[in-house]
Structures are given as structure tokens and as C-alpha cells.
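Just below is one structure, and these are the notes that go with it.
Just the heavy atoms: all of them, side chains too, but no hydrogens, waters or symmetry mates, feed the values below. When a residue number appears, it is its place in the shown sequence, counting from 1.
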Amino acid sequence: MQNKRTLQKLLVAVLIVSRCLPTSAATAEKHTNNNQLLTFNLLKADNKNLLGDYEATISGDTIKILVPYLVDFKLKPTFTTSAKAKVFVDDALQTSGKSLIDFSEPMQYKVVAKNAVHTYTVMVFNSGLPVVCINTNGSKPITSKREWMDSTQVTIYRANGQIDFHTTQPDAQVKGRGNSTWSVKVKRPYALKLKKKSALLGMPKGKRWCLLANFYDPSLMRNELANYLGQNYTNLDWTPHGQHVELVLNGVHCGNYYLCEQAKTTKERVPGDYLIEADRKAGCGDIIGAKTGNFFNIKDISLKGKKESDPDVIADVKKILDRFETTLYSDDYLNPETGYKTLIDVESFVDWLLIKELSKDYDGNMFTSCFCHIMADGIIRMGPIWDFDLAFGGNPFGNEGGLGGLAMGFGGENDMAFYNQPEGYHIAKADWFDRMMLDPEFTGLLLKKIDAMIADSATIMAHIDSVAAQLALSVSADTVNYYTNPGFDLSDSTAMSFTMEDLEDMGVGGFPMPEFDSAGGFGAFPFPMPGMDSAGGFGAFPFPMPGMDSAGGFGAFPFPMPGMDSTGGFGAFPFPMPGMDSAGGFGAFPFPMPGMDSAGGFGAFPFPMPGMDSTMFGGFDANFGFGSAQTPHRTYCEEVAWIKEFVSKRLEWLKSDLEKRRKR
């Protein structure tokens, strides 16, 4: 009797379980209108590890959610079902917004109704990249690129959620960085300073790091590609290491960034006594080139007890650079015993030019972010390479009215489309390199290195594909870039703004720059132009222009322009431009530019530059913003394909031209 009662209890229990847990073992897999998952979301209110709400994509039996920065995959999803269906995971009944699930692996969700089960596979992804979390003291915004913010907490997670680096105390520092990129508020670059040297994400130890926003680069890979090429196809002393990451700043996901080493004169990074930047864009510098007139700034120094601004340091660097430029531009510059090659490491100049010219970097023509370092023996070595967001055929202004140097601060050619074409030299025509390209030994070594890259082009293309695959998910979530949010309409003060600090760094006259006094004049020495006196005039010799008198006018001969009289005006013939009258204006026909009216303006069609409209320049509105429609851009796959095509065609063009040069 006892056994019979026990058997009855077991049968009842089985019946109850089968009714309460009608899993696929108890019922057949069958899709009906009654057992569907209608919505599936991850809400910030239910999950402390989320910074926002995320809605899943439901396609057939697959449910996907991308949370780019996610490192803790234990989540409470919110869902709705059809009719009165019940939801199970591993035979455990699920409650919307309550049940905690570990989504580090795909999970099977079973929706059961009326003895039919519908199985869904739920996948929660992060971007597959490491995550950098920065929290400033009191979550204060980063508003300066000069003042370090103390008491900053930094935690770096690997893609699998494991902690790679963590400041046990909030003792890191952070500030802004960059020039024009810092002024684009929607996605700004940052600099990090750690209390002690640390190896982040497997990179060599260091204290100073950069987070590059790559705002202008829709591929997000151009800086990484340049560094890869520098590390694998040159013998430069040092090329930055970097990793793509997701940045979370004060609880806000900022998108994809490139975490990389900053150039510093340390034993782990740039060797030598001085790190020097050629920066014509700045409009001023510690040193002015004796022959090029370019501006050079001392960015870092390894000599103990010395600072970059010390007068004796500046004098030492000036002596070295002046000797080099004077020798390079002398008639005897190829002399094997006294020529320019006795003062530099030639291969480093070839290597630096190789990467900069291959990428056709807009800023690379000794305009800005062009570095060299000076060794203890005074030998100049070129490098490191830096700043490639406008390189590899990716200049976003290529279709904007053809303004070239005018639009971007006179960095090079007048037609922006030039920088996106695989043909033509850019860096090789710049200061220093224009002279070296006349040296057969220099061009021979350059050709040899290009041949090596062409022979290994399959490896380069495979690397580009690999990085593209790594970035694919992050790119899909990184929607803030130049093409989606140009950020240049000055009528929108939240998109782009210039502080006095920004204008000073960019070398805009009238704002207090180095050597500028409070009135915007030149009230301190050394003056940035030869012959300039304390008032910013030219009251001392030598004067920088032929025929300039002590007042800075043209009161003496020879005059530098045809037709210029003793007052510097155009009171005599012949006039140097067609249609110019005796006052130097355009009061007569024919006008030298199509569409120019009698006042020298553009009051008639056709306008002389592609894309120029009646209000301003092509693609620009009256506020110098991009008020007209943006040029349709490539998809991500098309962008990657274009980079590969550009690199391939550029290598072939450089090889062809260098071979022609050697035959001449």
C-alpha cells in the first residue's frame, strides 16, 4: 500500500512539473502567434552597468543587442511576449526586468504557450575592443588642453571584461589636446598622465598617453595604419604603439578612440636630447629656420635640470638647425665630408618621408605635427611620425570648393582634391625634402624601401582587412564624425567653439600668442620676424623684403613687384595683373578671373571655382559653416576598399616616378 501511494505521488509530481515547465522536452518546437518574443530591451533603470537603454534587433529566431562598452555581461532584460506565453532559460522561469542572466555567451530563450515552444538565441555584444573608463574629480568636464585635472580615476578593461589597468587611488591626470580637433566639441581628443609608468593593454610602459578621436577619419584606422607601416617597414627610432578602445568619460560613452603612446624623450620612447616640431601652422616658434623660415618648437627635453624654454637650450637647438639648413641649401651640400649628410641620420629622413609621402598627409609638408629629434652628438634624426587622420586619401574637404591651402591654413596645394589623388608629390616638395630629393643617394634608398613595400603589399592589405574586421562593430556604433556631424557651422555655438587658448595655439593674430603682448602686438623678444621692432613694425635691419625701408614701407629700390612705386602702390606701368588700373584695383576689362565684376568681386556667374555659390565658397554658407548638403560619403566597406586602393596606386606611382628620376 505504501509503495502504491508513493508511486501515485510521483505520478502527480511529474504531471505538475510537466504542466508548469512545458519545455521542448515536453512539447514540440512549434512557432505560433502565441509564443513570440515581441520586444527585448536592456534598460539603464534595471542595470547599473548600462549608460543608456538598448533595444534588440529581432530577426527570425535570433535576438541581438550591441552595447559597445559593455564589460559586465550580467544583465536583467525587459521583454514582452504574445498572449500569455511564459519564458524560460535553462528551465528557469524568467521575469521581465527582474531575472539576472549572464550574457557572456549566447543564451537560449524558450517561449512557451499552449504546448508549443519557440526557441530564440539571444546574443549581447560589446564592440570587441577594450574599454577605457575615466572619471574626473566630481565628474567635472574637461575644458582645457593646458591645465591638467588632478584626482582622476582611470580603469581599463580588456574586451573580455578583465581589468587591465586601474588606478588604486584617483591619482591620474587628464586634459584636452589637439589643435582644430580640440575645438570640435562633439568628439574631443584627450591626454592622460599616470602617476607611474605603466604598460597599458600590452604596450610598453609609459606615463604619458593620448586618446585620439579620429573625428575626420570615418575608417578610424588611418593613424593605426601609419603606425603599423612605420613599425614594420622603417628603421625609425620610435613609432607610437596604439590600441583602438571604447571611451567612457564620466559615465558617458564617447565612442571609438585610439589610445596610443605620446612622443616623449624617454628611454622607452624617443631617444636623444631634444624633441622638435616643425609647425608653420603655429605662426610663431622658439626658432625660425635660417633658410626655410619655418617655425620650430622644442616639445620635450631629456637633459636633467633643463627646460624647453631655457635660453641656452633654445640657443643650442637653433645653432644645430641653422647649421643644418645652411649646409643643406648650400652649393656644396652633397660634399661627402662637409655636406648635409654629415649632420643627419639620412635613413631616418628617408623613412619619415616614406610614410608621410605614401599617405600624402595634408599636414605632413612640414606644416604641423612634423617631428625630429636631436641626439647628444648634435646629429638630427627625423621622426617620430604622427597625425594621419587626413591622410591615405581621406581628406574630407576634398570636394569642398577646391580651396586647398586657403581653407585649411595654407598647408599645401590650392585644390583639396589633390590630397585624395594617388598621384603627385606633397611632402617631397616641402622644406628640407625638396633639396634631398635632388640627391641620387637619398632617392635611391627611398625607391629601395618602396620596392620592399610593394613586394609585401599582400601583407599590408591583409592588415587593413584585419583592422577593419576588428573595428566593424565599433564603427557601427560610432556615429559622431565629420560626415555625420561636421561641427563647423559657427551659428551653432555648441558644435564648435574657439577659446582664447585655442586661438593662441592656432596662431590667430590679435590674440595673445607667444611674443604677443596684451594688446596683441609684439612687445617681447625674440621677435618672430627678422627686423621686427617692439611695436611689431620693421624698425631694424635686416629687412625681410627687398626695398623695405625702416618704417616697413617700400621707400627704396629695388621694388619687389613690377609697377610698384616708392609708396608701395601701383602708380606705374606695367601692371602685374590683367585689368588692374593705376590704383591697383580692377577697374578695367578683361577681368583676370571668370565671374569677376568691376569691383573685383564675384557678382556674376559662372563662379571660378567648383562648387562656389553666390554667398561664399563651395560647400560653405555665409557663416563659413557647411550650410549646404554634405557630399555623400562611402560606406565603411567602401572606405576600407578605398584606403587599400589608394595605398596600392600610390606605391606604384611613387615607384614609377622615382625610376624616371634616376634615369634622368
message: Quiz question: by atom type and distance under 3.5 Å, do the side chains of Thr39 and Glu55 form a donor-acceptor pair?
response: no
query: Under the criterion side chain to side chain contact (heavy atoms under 4.5 Å, CB included), which of Ile156, Val71, Val248 is the partner of Cys133?
result: Val248
- request: Can you tell me which residue pairs pass the side-chain hydrogen bond (donor to acceptor under 3.5 Å, both in side chains) test with a partner in residues 120-129, sequence neighbours excluded?
  value: Gln108-Thr121, His118-Tyr120, Ser127-Glu246
message: Using a 3.5 Å distance criterion without hydrogens, assess whether the side chain of Gln94 forms a donor-acceptor pair with backbone atoms of Ala92.
response: yes
query: Which of these passes side chain to side chain donor-acceptor pair (under 3.5 Å) with Arg222: Asp217, Asp387, Asp389, Asn214?
result: Asp217
message: Keeping Thr167 on the side-chain end and Pro170 on the backbone end, is there a donor-acceptor pair under 3.5 Å?
response: no
message: Against Leu229, only a single residue in Asn227, Leu225, Asn232 fulfils side chain to side chain contact (heavy atoms under 4.5 Å, CB included); can you say which?
response: Leu225
message: Whether the Asn35 and Ser82 side chains hold a donor-acceptor pair (N or O, under 3.5 Å, no angle test) is what I'd like checked.
response: no
Reported OG-to-CG distance for the pair Ser369 and Asp279, which is rounded to 0.5 angstrom: 7.0 Å
task: Carefully, step by step, assess Phe73 and Ile101 under the rule side chain to side chain contact (heavy atoms under 4.5 Å, CB included).
output: CA-CA 8 Å; Phe73 284 82; Ile101 296 293; over 6 Å; no
task: May I have the step-by-step check of salt bridge (Lys or Arg N to Asp or Glu O under 4.0 Å) for Asp465 and Lys644, ending in yes or no?
output: CA-CA 9 Å; Asp465 287 337; Lys644 294 169 65 176; 3.0 Å; yes
query: salt bridge (Lys or Arg N to Asp or Glu O under 4.0 Å) between Lys74 and Asp102: does it pass, once the steps are laid out?
result: CA-CA 4 Å; Lys74 294 179 179 179; Asp102 185 351; 5.4 Å; no
message: Using ring centroids (six-membered ring only for Trp), state whether Tyr109 and Phe88 fall under 6.0 Å.
response: no
query: Parallel under 30°, tilted from 30 to 60°, perpendicular over 60°: which one fits the rings of Tyr362 and Tyr419?
result: perpendicular
For Val252, side chain to side chain contact (heavy atoms under 4.5 Å, CB included) partners two or more places apart: none
message: Under a plain distance cut-off of 3.5 Å, with no hydrogens placed, do His31 and Glu29 share a side-chain donor-acceptor pair?
response: yes
message: Is it the case that the side chain of Asn47 and the backbone of Lys44 share a donor-acceptor pair, with hydrogens and angles ignored and the cut-off at 3.5 Å?
response: no
task: For residues Met149 and Ile142, determine if any side-chain heavy atom of one lies less than 4.5 Å from a side-chain heavy atom of the other.
output: yes
- prompt: Do Lys86 and Val111 touch side chain to side chain, with heavy atoms closer than 4.5 Å?
  reply: no
Pair Val184-Tyr216, side chain to side chain contact (heavy atoms under 4.5 Å, CB included): steps then yes or no: CA-CA 10 Å; Val184 181; Tyr216 294 111; 3.9 Å; yes
- prompt: Does some side-chain heavy atom of Lys175 sit less than 4.5 Å from a side-chain heavy atom of Leu192?
  reply: no
query: What distance separates Arg177 CZ from Cys210 SG, expressed to the nearest 0.5 Å?
result: 4.5 Å
field: pair Ser183-Thr181: side-chain heavy atoms closer than 4.5 Å
entry: no
statement: Here the gap from Met221 atom CE to Phe392 atom CZ, rounded to the nearest 0.5 Å, amounts to 10.5 Å
query: Run the salt bridge (Lys or Arg N to Asp or Glu O under 4.0 Å) check on Lys187 and Asp478 step by step: do they pass?
result: CA-CA 10 Å; Lys187 195 181 182 190; Asp478 192 273; 3.1 Å; yes
- prompt: Can you find a pair of side-chain heavy atoms, one from Gln470 and one from Leu129, that are under 4.5 Å apart?
  reply: yes
field: Donor-acceptor pair between His463 and Glu224 side chains, under 3.5 angstrom
entry: yes
- prompt: Does NZ or CZ of Arg650 come closer than 6.0 Å to the centre of the six-membered ring of Trp642, within 45° of the ring's axis?
  reply: no
task: Using side chain to side chain contact (heavy atoms under 4.5 Å, CB included) as the criterion, point out the one residue from Leu194, Asn135, Asn137, Val174 that pairs with Thr152.
output: Val174
message: Quick one, Asn115 and Lys30 - any side-chain contact, counting heavy atoms below 4.5 Å?
response: no
- request: State the NZ-CG distance between Lys110 and Asp91, to the nearest 0.5 angstrom.
  value: 8.0 Å
- prompt: Under 3.5 Å, side chain of Tyr69 to main-chain N/O of Leu51, donor-acceptor pair present?
  reply: yes
Identify all side-chain donor-acceptor contacts of residues 196-208 below 3.5 Å with residues at least two apart in sequence or on another chain.
from: Lys197; atom 1: NZ; to: Glu268; atom 2: OE1; distance (Å): 2.9
from: Lys197; atom 1: NZ; to: Glu268; atom 2: OE2; distance (Å): 3.0
from: Ser198; atom 1: OG; to: Lys196; atom 2: O; distance (Å): 3.2

message: I'd like to know if the side chain of Thr136 reaches the main chain of Lys140, judged simply by a donor and an acceptor atom lying under 3.5 Å from each other, with no hydrogens or angles considered.
response: yes
message: I need the single residue from Ile134, Leu259, Asn256, Val131 that forms a side chain to side chain contact (heavy atoms under 4.5 Å, CB included) with Leu247. Which is it?
response: Ile134
query: Hey, does the side chain of Ser476 reach the backbone of Leu473 with a donor-acceptor pair shorter than 3.5 angstrom?
result: yes
query: Is it true that atom CD of Gln231 has more than 12 heavy atoms of other residues, nucleotides or ligands lying nearer than 6.0 Å?
result: yes
task: Show your working on salt bridge (Lys or Arg N to Asp or Glu O under 4.0 Å) between Arg269 and Glu261 and close with a plain yes or no.
output: CA-CA 9 Å; Arg269 297 184 183 176; Glu261 301 170 292; 3.7 Å; yes
query: Is any side-chain heavy atom of Leu220 less than 4.5 Å from a side-chain heavy atom of Tyr257?
result: no
- request: Answer whether the closest heavy-atom distance between the side chains of Lys193 and Trp148 falls below 4.5 Å.
  value: yes
message: Whether the side chain of Thr635 engages the backbone of Glu638 through a donor-acceptor N/O pair (distance < 3.5 Å, no angle test) should be reported.
response: yes
query: At what distance, to the nearest 0.5 angstrom, does CZ of Arg634 lie from CD1 of Ile643?
result: 8.0 Å
task: Determine, stepwise, if the pair Lys64 / Ile58 fulfils side chain to side chain contact (heavy atoms under 4.5 Å, CB included).
output: CA-CA 7 Å; Lys64 296 180 180 179; Ile58 302 177; over 6 Å; no
query: Rounded to the nearest 0.5 Å, how far apart are OH of Tyr54 and CG of Leu75?
result: 11.0 Å
statement: salt bridge (Lys or Arg N to Asp or Glu O under 4.0 Å) test vs Lys356 passes for just one of Asp363, Asp351, Asp361, namely Asp361
query: Under the 3.5 angstrom rule, does the side chain of Thr265 hit a backbone N or O of Pro271 as a donor-acceptor pair?
result: no
query: Stepwise, does the side chain to side chain contact (heavy atoms under 4.5 Å, CB included) test hold for Ile460 with Met453?
result: CA-CA 8 Å; Ile460 296 172; Met453 293 183 77; 4.1 Å; yes
field: Expected output: side-chain Ser466 to main-chain Ala462 donor-acceptor under 3.5 Å
entry: no
